[in-house]
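Each remark here refers to the structure printed beneath this line.
Naming: A, B, ... by sequence-line order, numbering from 1 per chain. Both backbone and side-chain heavy atoms feed into the values below; hydrogens, waters and symmetry mates do not.
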Amino acid sequence: MKQIVAELVQTALAGLPELAETAADLAIESTIERTRDASHGDFASNVAMRLAKPARRSPRDIAASIVEALGDSPEVDKVEIAGPGFINFYLSPAAFHAELESIHSQGEAYGRQPAKAAPKILLEFVSANPTGPLHVGHGRGAAFGDTVGNLLEAAGYPVAREYYVNDAGRQMDILGASVWVRWLSDHGVNVDFPKGGYRGDYIRDIAKEIDTSSLSAPDAAAVNEDLPANGDDNKDEYVDALVARAKALHGDDGFDTVRQQSLDSILDDIKDDLADFGVVFDTWYSEKSLTTNNLIDAAIDVLKERDVLYEKDGATWFPSTDYGDDKDRVVVRDNGMKTYFASDIAYHFDKRERGYELLIDVLGADHHGYVTRVRAGLAAMGYEADDLEVEFIQFVTLYRGGEQMQMSTRSGEFDTLRQLRAEVGNDAARFYYVMRSNDQHLDFDLDIATSQSNDNPVFYIQYAHARVASVLRQLEEKSLQWDAANGREQLDQLTEPQERSLMTSLSRYPEVVELAANNRAPQTLVHYLRDLANDFHTYYNAHAFLVDDAALRDARLYLIVATRTVIANGLGILGVSAPEKM
RNA sequence: GCGCCCGUAGCUCAGUCGGAUAGAGCACCAGAUUCCUAAUCUGGGGGUCAGAGGUUCGAAUCCUCUCGGGCGCGCCA
C-alpha cells in the first residue's frame with residue numbers, strides 16, 4: 001500500500017525536472033511512512049524537508065510544488081501540507097477495500113513477497129554443545145533463529161537453517177568420561193566423579209542405555225590406581241587421567257563406543273526437542289567432519305597461499321589485528337594442534353564455498369568476542385567481512401514465584417527447554433522468547449506465561465483469531481450464509497471508525513513483515529499482532545457482526561475473515577498456533 | 001584497562017536507516033455484558049527518554065564525554 005503513495009510522489013517529481021534532479025539519489029519510498037496520528041492522514045512524506053537544503057528552497061514551498069504536480073488518483077482522497085513541510089496523504093476507502101480483497105485472494109500468501117534469487121542465506125542458530133539437553137537459554141536462540149528464518153522466507157529470501165554440532169575436541173572426552181564413571185558405578189566400581197564432568201541425571205540415563213556389551217567392567221583398583229587428585233585446581237588433569245585410564249582399560253575403540261553413543265543419544269534428544277518445538281534444521285553440520293574432510297587444512301592452505309600467516313614461538317598466527325581485532329590469533333599451536341579459531345574460520349569459509357552469500361549467526365551474547373576475528377578470516381580468504389552478520393541473544397532469566405532460578409549445565413541444576421515447554425506450552429514459550437528484542441535481557445516469568453488470563457499476551461492474540469472462528473460458527477447456528485462476493489461489493493457499508501482503524505492495521509501487515517525481516521526483529525511482528533488484535537477486540541465490542549442487514553453483515557464478515565487470515569499468517573511466522581476455539 | 005550490548009512511566013518493555021503532541025502491557029482508579037466467548041472493551045492519573053555538551057529546520061534515535069548495569073578480552077571449547 002505504501003507503494004501506491006511512493007509511486008504517486010515519484011511520478012509527481014518526474015514532472016518537476018529541477019526537483020527530480022536533486023532527488024535523484026533519494027529513495028522515495030524511504031520518505032514515506034505511516035502516520036502515528038490519524039489526523040495526519042494515512043501516510044506522510046518528508047520528501048520536501050529532505051530536499052529543502054540541496055534544492056535551496058523552503059520545505060513548504062517544495063511540498064506545494066509536489067502537491068500541485070500530483071495527479072488525481074482513485075486511491076487518494078486528499079493531500080495536505082502540514083507542519084514544517086510534511087505531505088499528508090489520505091487514502092480512499094477504495095484503496096483499503098482493494099487491500100482487503102488482496103488478503104482474501106492471497107490467503108496464506110498475503111504478506112509474503114515473491115521469491116528472490118539472492119542473497120542465499122545460511123542461518124546458523126542454536127548450535128549448543130551436544131553435552132547435555134538444551135536449556136532455556138538455547139530455547140531463546142531456537143525461537144529467535146527460527147522466527148527470523150520464517151521472516152526472511154516471507155520476505156522472499158532463500159534460507160537454509162543449520163546447526164553446527166561441536167562434536168570434536170576435549171568436551172567429547174569429558175562427556176565420555178562422565179558417562180563412563182556413571183557406568184562404572186552401575187557395575188559396582190566406585191570412582192570419584194570428575195569436578196569438571198557433566199553432572200546431570202541424563203548422564204546416568206545414558207550410562208544405562210548405551211550398548212556396552214563389548215566392554216567388561218574393570219575392578220576398582222585398576223581404575224583408581226594413581227589417579228591425580230580431583231580438586232578444583234586440577235580438574236582438567238583429573239578428567240584427562242580418567243580418559244586415559246578408560247582408553248587403557250577398554251582400548252581406544254572401547255572408550256570411543258561410550259563417547260560416540262553418548263553423543264548420539266544427546267544429539268537425538270536435541271533433535272527431538274527442537275522438532276517438538278517446531279524448529280527444523282536443513283543441515284546438522286559436524287565439526288568433526290571439518291577434520292575428516294580436511295577443510296581446516298584447506299582453509300589454512302588458502303591463507304598460506306595468500307601469504308597472510310606468520311610463524312612465531314613455534315605456532316602459526318593469523319594477523320587479525322590487521323582487520324581490527326585486539327590481538328593476533330593462533331591458528332596452529334606449537335604442538336601441531338589446530339585451534340578452535342582455525343575450525344571456526346574453516347567452517348565459515350566453507351559456508352561461503354557452499355554458495356551461501358549471506359551468513360547469519362545467532363549466538364549467545366557471551367560470544368561477541370569472536371565476530372571480529374571470524375570476519376577477518378573471511379576477508380583474508382577472499383570474501384567480505386560483511387558476508388557474516390551476527391545476531392546476539394542476551395541471557396534469559398527464569399522467574400518462578402517472583403524468585404530468580406539458577407541455571408547451569410555443569411552443576412546439573414539447569415532447567416531444560418523441554419521442562420519449560422511442558423510447563424508453559426510451545427505457543428507461550430515461542431511467543432515469550434521473541435517478544436523482547438534479542439539484545440535485551442529476558443525475564444521469563446513462568447507464572448505469567450502459564451496464566452490463562454489477560455496478563456498473557458499470547459492468549460490475547462489467539463483469542464482474536466478464535467473469536468472470528470466463533471462468529472462463523474454462530475453464523476452457521478443461525479442458519480445464515482456468508483456471501484463473500486457480496487461482502488466485497490458492499491464494503492462501502494463499513495464506515496465505522498473501528499472498521500477504518502482495523503482496515504488500516506490490516507494493510508500494514510506486509511510492511512511490518514518486511515521491516516521485521518530486514519531488522520531481524522521478530523518483536524516488531526509481535527507488537528503489530530498485539531495492536532491488530534486490540535483493533536479487532538475493540539471492533540468486536542463496539543459492533544455486532546451478525547446483523548439482520550445481509551449487505552452489512554456480509555461486508556463485516558469480509559473484514560473479520562481478513563483479520564483472521566492476517567493473524568493466522570503472523571502467528572504462523574512466529575511458530576505459534578492459531579486456534580479455532582479457546 | 002580495552003571492546004561490544006544496554007539505560008525510556010511504579011514494574012516489564014516497544015519505539016533508534018533523525019520527523020509532527022514519546023507509546024503498549026501489567027499495576028492503580030472509574031466504568032461497559034437482555035446482544036457474536038468479559039481470556040474482551042472504554043476512560044483516567046503516571047515521563048528530566050541515565051546526565052552533560054554537540055550536529056540541524058527537527059534528536060529517545062546520530063557524534064563526544066561522564067555515570068550506572070551486563071558480557072567478552074586463552075596456543076580453552
Does [N] have its OP1 or OP2 closer than 4.0 Å to a side-chain nitrogen or oxygen of [X]?
| X | N | value |
| --- | --- | --- |
| Gln440(A) | G7(B) | yes |
| Asn534(A) | C41(B) | yes |
| Lys327(A) | C2(B) | no |
| Lys478(A) | C36(B) | no |
| Thr538(A) | U42(B) | yes |
| Arg333(A) | C76(B) | yes |

Test: Arg530(A) cationic atom under 6.0 Å from Tyr460(A) six-membered ring centre, within 45° of axis: yes
Is the cationic atom of Arg373(A) (NZ for Lys, CZ for Arg) positioned less than 6.0 Å from the six-membered ring centroid of Phe318(A) and within 45 degrees of its normal? no
Taking atom [atom2] of [N] as reference, at what distance in whole Å does atom [atom1] of [X] sit?
| X | N | atom1 | atom2 | value |
| --- | --- | --- | --- | --- |
| Asp325(A) | G74(B) | CG | C1' | 13 Å |
| Leu515(A) | U16(B) | CG | P | 7 Å |
| Phe431(A) | C13(B) | CZ | P | 15 Å |
| Phe395(A) | U12(B) | CZ | C1' | 20 Å |
| Asp439(A) | C13(B) | CG | P | 12 Å |
| Lys312(A) | G74(B) | NZ | C1' | 14 Å |
| Asp326(A) | C73(B) | CG | C1' | 6 Å |
| Asp366(A) | C76(B) | CG | P | 19 Å |

Quick one: are the ring centres of Tyr347(A) and Tyr164(A) less than 6.0 Å apart?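 Distance test on ring centres: under 6.0 Å, yes.
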Do [X] and [N] share a donor-acceptor pair, side chain to base, under 3.5 Å?
| X | N | result |
| --- | --- | --- |
| Asp443(A) | U12(B) | no |
| Tyr370(A) | C76(B) | yes |
| His368(A) | C71(B) | yes |
| Asp344(A) | A77(B) | no |

Tell me which nucleotide, if any, is Watson-Crick or G-U wobble paired with [N] when both distances must be under 3.5 Å.
| N | answer |
| --- | --- |
| A30(B) | U42(B) |
| C36(B) | none |
| C4(B) | G70(B) |
| U55(B) | none |
| C49(B) | none |
| U12(B) | A24(B) |

Name the nucleic acid region contacted by [X], choosing base, sugar-phosphate or nothing; use a 4.0 angstrom heavy-atom cut-off, strictly under.
| X | value |
| --- | --- |
| His40(A) | base |
| Asp535(A) | nothing |
| His441(A) | sugar-phosphate |
| Ala464(A) | nothing |
| Ala365(A) | sugar-phosphate |
| Gln462(A) | nothing |

So, are Arg436(A) and Asp443(A) salt-bridged, with charged N and O less than 4.0 Å apart?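 Not counted as a salt bridge, because no side-chain N and carboxylate O are separated by less than 4.0 Å.
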Is Asp236(A) salt-bridged to Arg170(A), cutoff N-O under 4.0 Å?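 So Asp236(A) pairs with Arg170(A) through a salt bridge.
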For Phe431(A), check ring pair (Phe, Tyr, Trp, His ring centres under 6.0 Å) against everything at least two apart and list the hits.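 So Phe431(A) forms no ring pair (Phe, Tyr, Trp, His ring centres under 6.0 Å) with any residue.
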For Gly41(A), does its backbone N or O pair with a side-chain atom of Thr35(A) as donor and acceptor, under 3.5 Å?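 Present.
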Counting distance only, does the side-chain N/O of Asn129(A) pair as donor-acceptor with the main-chain N or O of Thr131(A) below 3.5 Å? no
So if I take every side-chain heavy atom of [X] and compare against [options], which nucleotide ends up nearest?
| X | options | value |
| --- | --- | --- |
| Val330(A) | A20(B), U21(B), C75(B) | C75(B) |
| Tyr540(A) | C41(B), A39(B), C36(B) | C36(B) |
| Phe86(A) | C5(B), A20(B), C75(B) | A20(B) |
| Ala82(A) | A20(B), C36(B), U12(B) | A20(B) |
| Arg36(A) | G19(B), A77(B), C75(B) | G19(B) |
| Tyr340(A) | A77(B), C75(B), A20(B) | A77(B) |
| Arg467(A) | A38(B), A14(B), G70(B) | A38(B) |

Same-atom distance ([atom1]) from [N] to [M], integer angstrom:
| N | M | atom1 | answer |
| --- | --- | --- | --- |
| C41(B) | A9(B) | C1' | 23 Å |
| G47(B) | G7(B) | C1' | 15 Å |
| G69(B) | U8(B) | P | 14 Å |
| C2(B) | G46(B) | C1' | 41 Å |
| C5(B) | C65(B) | P | 14 Å |
| U33(B) | G45(B) | C1' | 26 Å |
| U61(B) | G19(B) | P | 10 Å |
| G18(B) | C26(B) | P | 33 Å |

Which residue lies more 5' along RNA chain B, comparing Gly83(A) with Ser437(A) via nearest heavy atoms: Ser437(A)
If you find the nucleotide of RNA chain B closest to Phe392(A) and the one closest to Asp531(A), which residue's nucleotide is nearer the 5' end? Phe392(A)
Could you pull out the closest heavy-atom pair between Gln171(A) and Asn166(A), with the gap in Å?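 Result for this residue pair: NE2-O, 3.1 Å.
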Out of Arg500(A), Arg34(A), Lys2(A), which residue meets the side-chain hydrogen bond (donor to acceptor under 3.5 Å, both in side chains) rule with Asp42(A)? Arg500(A)
For His527(A) and A14(B), do the ring centres fall under 5.5 Å apart while the planes stay under 30° apart? no
